[in-house]
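Please read the structure below before turning to the comments.
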Amino acid sequence: MDGEELTEQETALYDRQIRVWGVDAQRRLSKAHILVSGMKGTVVEFCKNIVLAGVGSLTLVDSREVTEEALSANFLIPPDENVYSGKTLAELCCDSLKDFNPMVRVSVEKGDISSFGGDFYDRFDVVVISSCSFATKKLINEKCRKVSKRVAFYTVDCRDSCGEIYVDLQNYTYSKKKLDQTDECQLQYPSFEESVTIPWRALPKKVTKLYLAMRVIERFEEAEGRNPGEISIADLPGVLKLKKELCDAQSFNESHVPDALLERLVSDTSEFPPVCAILGGILGQEVIKAISGKGDPLKNFFFFDAIDGKGIIEDISNPNPGS
């Protein structure tokens, strides 16, 4: 991302942002290439924010067609059925995002995100995925970790009024200002698989219940061969049975994964637009930090629950990665 300077047009357009985070950060943004898969409400909020911030390019992947659920949370879809009929979500969002900032190159990549080879991911500086299975998240994270450069990897999911962001910056170096001096800091991130398969008894003592509940739902959908969100209140008995099995297998207290929370997560899997805006804003902020190398990055989970209005950061790393 090093090299070219900002053009006069870019400097004029991003003048206010430059005053906040500096010319170097804006230059890095303008040269960054971002890949996004899964055009749901939270992701389109992120895309809007990152396009307005002035990234170099944004590539969208989502071959699904418009549904009633998509219309309720995705403000980039035109309300006229004659406009969106026959187009994929990625194509519709691409057309709308181009209007937000003509200086950002927005394009569509057709195909299955999990089928792309490592060379494909080497084209990007940041990869953000949503609405995909545990196996797909694991696979793409592994591919991002194998390319020749560091690729920042994020997953984001929103279920009703709850949301989760996962971050993997691998070996990350960034600058942090303290009074009149700037310190260089380093962080080591675990992979996605390491972060979600850590034994529950090895987790931080007061880990948020949302982390545990999300893992139960994720495991249930994987075991049943469901796509993310293909779950309903009718599945609650099966989800509770799986929770008991997981807790028993790990000698873990079931009360740490409340039945009421699991019931909320299966009762309504559609996205709650206000939560989408919050998660999309947080994710945009974190991606800007990762690209610019300025500011403390999130490590490595962020959870939000609109019921109590709290955002919680959890650093979840296996203390014994070899085990």
Would you please test Arg219 and Glu245 for salt bridge (charged side-chain N to carboxylate O under 4.0 Å, His left out) and show each step? CA-CA 11 Å; Arg219 295 277 189 93; Glu245 291 171 355; over 6 Å; no

Single-linkage hydrophobic cluster, 4.5 Å side-chain cutoff, [X] and [Y] together:
X	Y	value
Leu210	Phe134	yes
Trp21	Val51	yes
Ile50	Phe100	yes
Leu261	Leu236	yes
Val108	Val66	no

Verify the neighbour count for atom [atom1] of [X]: are there more than 12 heavy atoms of other residues, nucleotides or ligands below 6.0 Å?
X	atom1	result
Asp119	CG	no
Lys149	NZ	yes
Glu8	CD	no

[X] versus [Y], closest heavy-atom pair with distance:
X	Y	result
Val156	Val128	CG1-CG1, 4.3 Å
Leu92	Pro78	CD2-CD, 4.0 Å
Gly293	Tyr172	CA-OH, 3.3 Å
Glu222	Ala135	OE2-CB, 3.3 Å
Leu58	Val104	N-CG1, 4.4 Å
Leu60	Cys94	CD1-N, 3.6 Å

Between Lys40 and Asp62, does a salt bridge (charged side-chain N to carboxylate O under 4.0 Å, His left out) hold up when you go through it step by step? CA-CA 9 Å; Lys40 296 197 74 175; Asp62 196 327; over 6 Å; no

Could you state the interatomic distance from [atom1] ([X]) to [atom2] ([Y]), rounded to the nearest 0.5 Å?
X	Y	atom1	atom2	value
Ile113	Ile129	CD1	CD1	7.0 Å
Leu246	Lys241	CG	NZ	10.5 Å
Leu52	Asn101	CG	CG	6.5 Å
Thr42	Ile278	OG1	CD1	10.0 Å

Ion pair present between [X] and [Y], side-chain N to carboxylate O less than 4.0 angstrom?
X	Y	answer
Lys176	Glu184	no
Lys243	Asp259	yes
Lys87	Asp95	yes

Using only heavy-atom distances, determine whether the side chains of [X] and [Y] contain a donor-acceptor pair under 3.5 Å.
X	Y	answer
Gln181	Asp183	yes
Arg264	Ser161	yes
Asn141	Asp168	yes
Thr155	Asp157	no

Angle between ring planes, [X] versus [Y], binned at 30° and 60°: parallel, tilted or perpendicular?
X	Y	value
Phe120	Phe116	tilted
Trp200	Phe252	perpendicular
Tyr211	Phe303	perpendicular

Could you go through Phe192 and Tyr166, starting from their C-alpha distance and side-chain angles, then the distance that decides it, and tell me whether this counts as ring pair (Phe, Tyr, Trp, His ring centres under 6.0 Å)? CA-CA 8 Å; Phe192 175 76; Tyr166 163 76; 5.3 Å; yes

Cation over ring, Arg16 on Tyr14, under 6.0 Å and within 45°? no

Pick out which of Arg226, Arg215, Arg159 makes a salt bridge (charged side-chain N to carboxylate O under 4.0 Å, His left out) with Glu221. Arg159

Using the salt bridge (charged side-chain N to carboxylate O under 4.0 Å, His left out) definition, which of the options Arg145, Lys138, Lys146 pairs with Glu142? Lys138

Quick one: are the ring centres of Phe153 and Tyr189 less than 6.0 Å apart? no

Considering residues at least two apart in sequence or located in another chain, which fulfil the side chain to side chain contact (heavy atoms under 4.5 Å, CB included) criterion with Asn253? Ser255, His256

Does the Glu314 side chain pair with the main chain of Thr208, one donor and one acceptor, at a distance under 3.5 Å? yes

